[in-house]
Engineer: 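Provided herewith is a single structure, encoded as structure tokens, for subsequent inquiry.
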Amino acid sequence: MISLSYRRTGSVKHVDCDILIVGGGFAGCGAAYEAGYWGRDLRIVIAEKANIERSGAVAHGLSAINCYMGMRWNENMPEDFVRYARNDLMGLVREDLLFDIARHVDATVHMFEEWGLPIMYNKETGHYQREGRWQIMIHGESYKPIIAEAAKKSVDEVYNRVMITHLLTDMQNPRRIAGAVGLDVRDGTFYVFRARAVIVCAGGASHIYRPRSVGEGAGRTWYPPWNNGSAYALLMQVGADMIQMENRIVVTRFKDGYGPVGAWFLMLKSVATNAYGEEYEKTHIDDLRAYVGTKYADAKPMPTCLRNHLMLEEIKAGKGPIYIHTERSLDTPEKEELGWEDFLDMTIGQAVLWASQNIDPKTDPSELSMSEPYVMGSHAVCAGAWVSGPEDLAPADYVWGYNRMTTVEGLFGAGDTVGGSPHKFSSGSFTEGRLAAKAAVKYLKDHPDYRPQINTAKIEALREELYRPLENYEVGKHVIVKGSVSPFFITPKQGLQRLEKIMDEYCGGVGSYYTTNEKLLEKGLSLLLMLKEDLRNVGSEDLHQLQRAWELNHRVWVAEAVIRHTLYRKETRWPGYYYRADYPHVDETNWHVFVNSRYNPSTDQWEMSTRHVHHIVP
Ligand SMILES: Cc1cc2nc3c(=O)[nH]c(=O)nc-3n(C[C@H](O)[C@H](O)[C@H](O)COP(=O)(O)OP(=O)(O)OC[C@H]3O[C@@H](n4cnc5c(N)ncnc54)[C@H](O)[C@@H]3O)c2cc1C
């Protein structure tokens with residue numbers, strides 16, 4: 001039976017294409033551009049939950065491109081980048097993927113400049129203005145619309161406001177991709193995409209963990225609330241292998257507004273101290289050496305998680321608030337302008353917060369704090385899919401198909417989707433989208449006769465499932481016992497709050513100083529699985545809430561993977577991101593490996609294993 005509400009709101013649209021790109025953020029736009037270039041005879045479409053003009057983690061614009069080698073000026077070489085990212089992730093990265101991005105990323109940035117992105121130049125050197133070793137400064141308010149325009153021109157159709165809820169596998173071969181289904185979040189149309197290849201670029205996840213901002217500030221997080229981990233959930237549900245899902249990120253940012261610290265620390269050379277004016281990183285360095293060894297404690301730059309760790313130690317010792325001394329840096333009008341522009345380009349809320357709290361950054365320091373954890377694959381962490389590497393670089397056990405193809409045939413990924421390759425940022429994610437799309441076109445040319453076979457009964461079942469929250473609401477809405485409490489359904493928001501509580505309290509959120517152990521994780525998993533069962537009973541009063549219901553569904557899948565991976569890794573690899581209290585140290589002997597998971601859709605079981613970490617750059 002198709003739900004009453006669905007009959008009222010929905011129509012069905014079938015789309016046949018060669019390549020379906022899911023998500024039109026940075027990686028999706030890169031994939032679109034490159035697919036259009038190599039696959040002129042192919043039908044290429046994008047399905048984007050928002051509108052690609054202003055979608056994704058950095059829809060609002062940026063003040064720096066964080067991944068640029070500068071090879072034409074001999075500033076950095078790909079090997080340097082691999083060493084840097086490897087060090088930052090305490091040794092566990094896919095060096096083949098990183099090298100591949102690094103050797104192509106400069107060309108991407110030069111293209112952005114040709115398309116009209118204003119990049120700042122250093123008047124003395126004539127090179128791009130560096131913010132730090134890997135970052136270059138831009139006037140980036142229109143960064144996203146600029147790259148979206150290139151994407152739009154490269155594909156046959158962009159389906160904006162279409163959220164993909166499930167991928168489809170082939171009727172004859174469940175390990176081969178055949179398309180996807182989704183929902184037009186504005187008019188309720190049910191979309192069925194039949195595709196010969198799919199590139200998932202649907203971004204990482206916020207609101208898995210309870211955020212620091214609750215009540216009136218709810219929704220304010222560093223990683224944007226609209227990215228809900230579809231990149232991972234969609235892949236896991238069809239049995240793709242995932243790695244590093246335990247490698248969640250915690251960022252140190254300006255307190256409450258989450259203003260970025262990069263320009264302040266790197267460019268303006270601001271310092272951070274405890275409440276008593278002491279530069280705490282220096283105080284703790286010997287303890288850190290004893291804790292993680294000199295290899296990581298003395299690494300330059302210090303890994304991001306370890307810098308978090310030092311700050312956390314200081315907070316636990318009762319020496320907060322921690323301050324960043326903007327007032328010591330803004331000693332010229334140029335620097336003051338730079339500081340303000342940094343926020344006005346990408347975190348206006350932080351400037352508003354300054355105003356509301358009477359903070360003048362020229363005279364007053366600002367508080368720093370550590371965020372709740374997020375799950376993503378393109379920043380200073382690398383959760384995501386296990387993908388085939390570039391043939392000319394990757395060790396034999398990292399290559400089984402086409403570049404950036406997951407372990408499901410014809411299913412590719414890029415950006416946050418791909419595991420093991422951190423520090424891609426906007427430019428690297430776009431570049432990885434290009435690499436994935438080029439390989440996807442080659443895959444299609446090598447398999448010209450393949451026609452996806454889709455099981456129509458399965459589509460009907462998914463259609464029923466997709467609209468069930470509307471049905472649940474229609475049926476149960478007259479029995480509300482108090483306020484919004486119903487005996488028949490939970491709202492997406494209630495489900496979200498339950499998820500965030502479980503993750504915060506059992507899987508190392510801010511409430512426990514990011515600390516967990518086997519017993520907590522096992523308990524958390526059992527509570528999460530009950531929540532997963534209850535997802536059948538989510539009730540949505542309108543299409544907006546229906547979207548929220550599916551975002552919650554994807555978030556719960558991501559959370560499950562995070563718990564299972566965290567349970568499996570019996571060490572504390574990234575202190576400052578999370579701690580296993582029962583295995584408090586880095587264990588190089590047993591755990592210098594990737595943790596790998598695969599969900600089996602036919603048995604509903606998860607298989608956990610480890611994969612070798614190859615170091616190909618000396
Ligand atoms: C706060 C913050 C600050 C950053 N600052 C910088 C910086 O200064 N410089 C820099 O270079 N990089 C920066 N980055 C990194 C950069 O934003 C990411 O690396 C990049 O956006 C990753 O690209 P992506 O395509 O994987 O994800 P995104 O760009 O987030 O794109 C994901 C897309 O998928 C869509 N989507 C999600 N789910 C679905 C679904 N189910 N169906 C259809 N569509 C879906 C989303 O709407 C979105 O358009 C920052 C990131 C954050 C979070």
Engineer: So, Arg548 and Glu551, do they make that salt bridge, N to O below 4.0 Å?
Structural biologist: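 Between Glu551 and Arg548 there is a salt bridge, with a charged N closer than 4.0 Å to a carboxylate O.
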
Engineer: Got a salt bridge between Arg463 and Glu460, using NZ or NE/NH1/NH2 to carboxylate O under 4.0 Å?
Structural biologist: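 Judged by the 4.0 Å cut-off on N to carboxylate O distance, Arg463 and Glu460 do form a salt bridge.
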
Engineer: May I ask you to test the Leu235-Met242 pair for a side-chain heavy-atom distance under 4.5 Å?
Structural biologist: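 The answer is yes; the side chains approach within 4.5 Å.
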
Engineer: Look up atom CH2 in Trp134 and atom CZ in Phe425, then write down how far apart they are to the nearest 0.5 Å.
Structural biologist: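 Interatomic distance, Trp134 CH2 to Phe425 CZ, rounded to 0.5 Å: 12.0 Å.
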
Engineer: If you define the side chain from C-beta out and look only at heavy atoms, does anything of Trp606 sit under 4.5 Å from Ser597?
Structural biologist: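 Yes, their side chains come closer than 4.5 Å.
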
Engineer: For residues Glu391 and Tyr398, determine if any side-chain heavy atom of one lies less than 4.5 Å from a side-chain heavy atom of the other.
Structural biologist: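 Contact flag for Glu391/Tyr398 side chains = no.
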
Engineer: What is the minimum heavy-atom distance between Asp96 and Ala394, and which atoms define it?
Structural biologist: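 Residues Asp96 and Ala394, closest heavy atoms: OD2-CB, 3.3 Å.
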
Engineer: Does any non-hydrogen side-chain atom of Tyr191 lie less than 4.5 Å from one of Met163?
Structural biologist: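 Counting from C-beta outward, Met163 and Tyr191 never come under 4.5 Å.
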
Engineer: Under a 3.5 Å distance rule, please check whether Ser540 uses its side chain to pair with a backbone N or O of Gln545 as donor and acceptor.
Structural biologist: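 Here the side-chain-to-backbone pair exists.
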
Engineer: Do the side chains of Arg248 and Ile208 get nearer than 4.5 Å, heavy atoms only?
Structural biologist: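 Ile208 vs Arg248: side chains apart.
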
Engineer: Without placing hydrogens or testing angles, list every side-chain donor-acceptor pair under 3.5 Å for residues 225-233, not counting sequence neighbours.
Structural biologist:
unit_1: Trp226; atom_1: NE1; unit_2: Gly56; atom_2: O; d: 2.9
unit_1: Asn227; atom_1: ND2; unit_2: Tyr223; atom_2: OH; d: 2.8
unit_1: Asn228; atom_1: OD1; unit_2: Lys49; atom_2: NZ; d: 2.8
unit_1: Asn228; atom_1: ND2; unit_2: Ser230; atom_2: OG; d: 3.1
unit_1: Ser230; atom_1: OG; unit_2: His554; atom_2: ND1; d: 2.8
unit_1: Tyr232; atom_1: OH; unit_2: Gly377; atom_2: N; d: 3.2
unit_1: Tyr232; atom_1: OH; unit_2: Asp416; atom_2: O; d: 2.7

Engineer: For a 4.5 angstrom cut-off between non-hydrogen side-chain atoms, does Ile563 reach Met503?
Structural biologist: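 Heavy-atom side-chain distance check passes, below 4.5 Å.
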
Engineer: For Lys458, I'd like to know if atom NZ has over 12 heavy atoms of other residues, nucleotides or ligands within 6.0 Å.
Structural biologist: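 Atom NZ in Lys458 is not crowded, with 12 or fewer foreign heavy atoms closer than 6.0 Å.
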
Engineer: Applying ring-ring contact (aromatic ring centres under 6.0 Å, His included), can you list everything that pairs with Trp222, at least two apart in sequence or on another chain?
Structural biologist: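 In terms of ring-ring contact (aromatic ring centres under 6.0 Å, His included), with neighbours along the sequence ignored, Trp222 is linked to Tyr374, His379.
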
Engineer: Is there a side-chain contact between Leu183 and Val162, using heavy atoms and a 4.5 Å cut-off?
Structural biologist: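 Contact flag for Leu183/Val162 side chains = no.
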
Engineer: Of all the heavy-atom pairs spanning Ile454 and Phe193, show the shortest one and how long it is.
Structural biologist: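 What the structure gives for the nearest pair is CD1-O, 4.3 Å.
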
Engineer: Under the 3.5 angstrom rule, does the side chain of Thr417 hit a backbone N or O of Val200 as a donor-acceptor pair?
Structural biologist: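 Yes; judged by distance alone, with no hydrogens or angles, the pair exists.
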
Engineer: So for atom CD, which belongs to Glu113, do other residues, nucleotides or ligands contribute more than 12 heavy atoms lying within a distance under 6.0 Å?
Structural biologist: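 Yes, the 6.0 Å shell around CD holds more than 12 heavy atoms from other groups.
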
Engineer: Are the aromatic rings of Trp557 and Tyr599 close, with centres under 6.0 Å apart?
Structural biologist: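 Yes, ring centres under 6.0 Å apart.
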
Engineer: Under the side-chain hydrogen bond (donor to acceptor under 3.5 Å, both in side chains) rule, collect the residues that match up with Arg498, sequence neighbours excluded.
Structural biologist: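 For Arg498 the side-chain hydrogen bond (donor to acceptor under 3.5 Å, both in side chains) partners, ignoring immediate neighbours, are Asp534.
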
Engineer: Compare every heavy atom of Asn596 with every heavy atom of Asp241, then report the nearest pair and how far apart it is.
Structural biologist: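 Nearest heavy atoms, Asp241 then Asn596: OD2-ND2, 3.0 Å.
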
Engineer: Counting N and O atoms only, with roles assigned by atom type, does the side chain of Gln494 sit under 3.5 Å from a partner on the main chain of Thr491, one being a donor and the other an acceptor?
Structural biologist: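 At least one qualifying donor-acceptor pair exists.
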
Engineer: Please check this pair: side chain of Arg54 against backbone of Ala59, looking for a donor-acceptor N/O pair closer than 3.5 Å.
Structural biologist: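 The answer is yes, because a donor-acceptor pair under 3.5 Å joins these two groups.
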
Engineer: Just by distance, do the side chain of Lys424 and the backbone of Val418 share a donor-acceptor pair under 3.5 Å?
Structural biologist: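 Looks like yes, one N/O pair under 3.5 Å.
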
Engineer: Looking at every heavy atom in both Asn247 and Cys382, which two are closest together, and how far apart are they?
Structural biologist: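 Heavy-atom minimum between the residues: OD1-N, 2.8 Å.
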
Engineer: With Glu246, which residues qualify under side-chain hydrogen bond (donor to acceptor under 3.5 Å, both in side chains), at least two apart?
Structural biologist: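 Partners of Glu246 under the side-chain hydrogen bond (donor to acceptor under 3.5 Å, both in side chains) test: His565, Arg569.
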
Engineer: To the nearest 0.5 Å, how far apart are NZ in Lys152 and CD in Glu157?
Structural biologist: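 Output value for this atom pair is 12.5 Å.
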
Engineer: Got a sec, which pairs hit ring-ring contact (aromatic ring centres under 6.0 Å, His included) with one end in residues 15-47, sequence neighbours left out?
Structural biologist: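 The answer is Phe26-Tyr143, Tyr33-Trp115.
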
Engineer: What are the two closest heavy atoms between Cys201 and Gly28, and how far apart are they?
Structural biologist: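 So the two residues come closest at CB-N, 3.5 Å.
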
Engineer: So which of Asp100, Thr108, Asp106 actually passes side chain to side chain contact (heavy atoms under 4.5 Å, CB included) with Thr431?
Structural biologist: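 The side chain to side chain contact (heavy atoms under 4.5 Å, CB included) with Thr431 is passed solely by Thr108 among Asp100, Thr108, Asp106.
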
Engineer: Excluding sequence neighbours, so at least two apart, what forms ring-ring contact (aromatic ring centres under 6.0 Å, His included) with Tyr68?
Structural biologist: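 ring-ring contact (aromatic ring centres under 6.0 Å, His included) check on Tyr68 returns His110, Tyr128.
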
Engineer: I'd like to know if the side chain of Ser486 reaches the main chain of Phe489, judged simply by a donor and an acceptor atom lying under 3.5 Å from each other, with no hydrogens or angles considered.
Structural biologist: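 The answer is yes, because a donor-acceptor pair under 3.5 Å joins these two groups.
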
Engineer: Answer yes if the ring centres of Tyr473 and Phe488 are under 6.0 angstrom apart, and no otherwise.
Structural biologist: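 Ring centroids of Tyr473 and Phe488 are no less than 6.0 Å from each other.
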
Engineer: For the pair Ser378 (side chain) and Gly415 (backbone), establish whether a donor and an acceptor sit closer than 3.5 Å, ignoring hydrogens and angles.
Structural biologist: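 Flag not set: sc Ser378 to bb Gly415 has no pair under 3.5 Å.
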
Engineer: Does the side-chain contact (heavy atoms from CB on, under 4.5 Å) test come out yes or no for Met376 and Ile249, once each step is laid out?
Structural biologist: CA-CA 7 Å; Met376 61 187 299; Ile249 190 168; 4.1 Å; yes

Engineer: Using a strict 4.0 Å threshold on nitrogen-to-oxygen distance, state whether Glu432 and Arg404 make a salt bridge.
Structural biologist: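 Arg404 and Glu432: salt-bridged.
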
Engineer: For residues Ile164 and Ala180, report the shortest heavy-atom separation together with the two atoms involved.
Structural biologist: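 Answer, listing the atom of Ile164 first, then Ala180: CG2-CB, 3.7 Å.
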
Engineer: With side-chain contact (heavy atoms from CB on, under 4.5 Å) as the criterion, how do Val12 and Thr189 come out once you've worked through the C-alpha distance, each side chain's angles and the decisive distance to 0.1 Å?
Structural biologist: CA-CA 6 Å; Val12 181; Thr189 302; 5.9 Å; no

Engineer: Would you call Ile147 and Phe112 a side-chain contact if the rule is heavy atoms closer than 4.5 Å?
Structural biologist: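 Yes, close enough: below the 4.5 Å cut-off.
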
Engineer: I'd like to know if the side chain of Thr169 reaches the main chain of Ile177, judged simply by a donor and an acceptor atom lying under 3.5 Å from each other, with no hydrogens or angles considered.
Structural biologist: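 Flag not set: sc Thr169 to bb Ile177 has no pair under 3.5 Å.
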
Engineer: Please check: side-chain N/O of Lys144 versus main-chain N/O of Ile52, any donor-acceptor pairing under 3.5 Å?
Structural biologist: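 Checked: pair present.
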
Engineer: What residues form a side-chain hydrogen bond (donor to acceptor under 3.5 Å, both in side chains) with Thr347, not counting sequence neighbours?
Structural biologist: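 Partners of Thr347 by the side-chain hydrogen bond (donor to acceptor under 3.5 Å, both in side chains) criterion come out as none, since no residue qualifies.
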
Engineer: What I want to find out is whether Arg210 reaches Glu372 closely enough, with some N-O distance under 4.0 Å, to be called a salt bridge.
Structural biologist: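 Result for this pair is no, no salt bridge flagged.
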
Engineer: A quick test of your reading: do over 12 heavy atoms of other residues, nucleotides or ligands sit less than 6.0 Å from NZ of Lys532?
Structural biologist: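 Yes.
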
Engineer: Identify, with sequence neighbours excluded, every residue that meets ring-ring contact (aromatic ring centres under 6.0 Å, His included) alongside His139.
Structural biologist: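 In terms of ring-ring contact (aromatic ring centres under 6.0 Å, His included), with neighbours along the sequence ignored, His139 is linked to no residue.
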
Engineer: Decide, yes or no, whether a salt bridge links Arg536 with Glu533 under the criterion of side-chain N to carboxylate O below 4.0 Å.
Structural biologist: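 Result for this pair is no, no salt bridge flagged.
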
Engineer: Residues in side-chain hydrogen bond (donor to acceptor under 3.5 Å, both in side chains) with Thr406, at least two apart?
Structural biologist: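 With sequence neighbours excluded, Thr406 shows a side-chain hydrogen bond (donor to acceptor under 3.5 Å, both in side chains) to no residue whatsoever.
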
Engineer: Quick one: ring-ring contact (aromatic ring centres under 6.0 Å, His included) partners of Tyr450, sequence neighbours excluded?
Structural biologist: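 Not a single residue meets the ring-ring contact (aromatic ring centres under 6.0 Å, His included) criterion with Tyr450.
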
Engineer: Okay, side chain of Gln350, backbone of Tyr258: is any donor-acceptor separation there less than 3.5 Å?
Structural biologist: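 Present.
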
Engineer: Please check if atom NZ in Lys445 has more than 12 non-hydrogen atoms from other residues, nucleotides or ligands closer than 6.0 Å.
Structural biologist: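 Counting other residues, nucleotides and ligands, NZ of Lys445 exceeds 12 neighbours.
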
Engineer: Tell me the salt bridge (Lys or Arg N to Asp or Glu O under 4.0 Å) pairs involving residues 195-208, sequence neighbours left out?
Structural biologist: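 Only Asp18-Arg196 qualify under salt bridge (Lys or Arg N to Asp or Glu O under 4.0 Å).
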
Engineer: Show me the pairs that pass salt bridge (Lys or Arg N to Asp or Glu O under 4.0 Å) and involve residues 169-185, at least two apart or across chains.
Structural biologist: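 Sorted pair list: Arg176-Glu409.
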
Engineer: Give, for atom CG of Asn403 and atom CG of Leu435, the distance between the pair rounded to the nearest 0.5 Å.
Structural biologist: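 Going from CG on Asn403 over to CG on Leu435, the span is 5.5 Å.
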
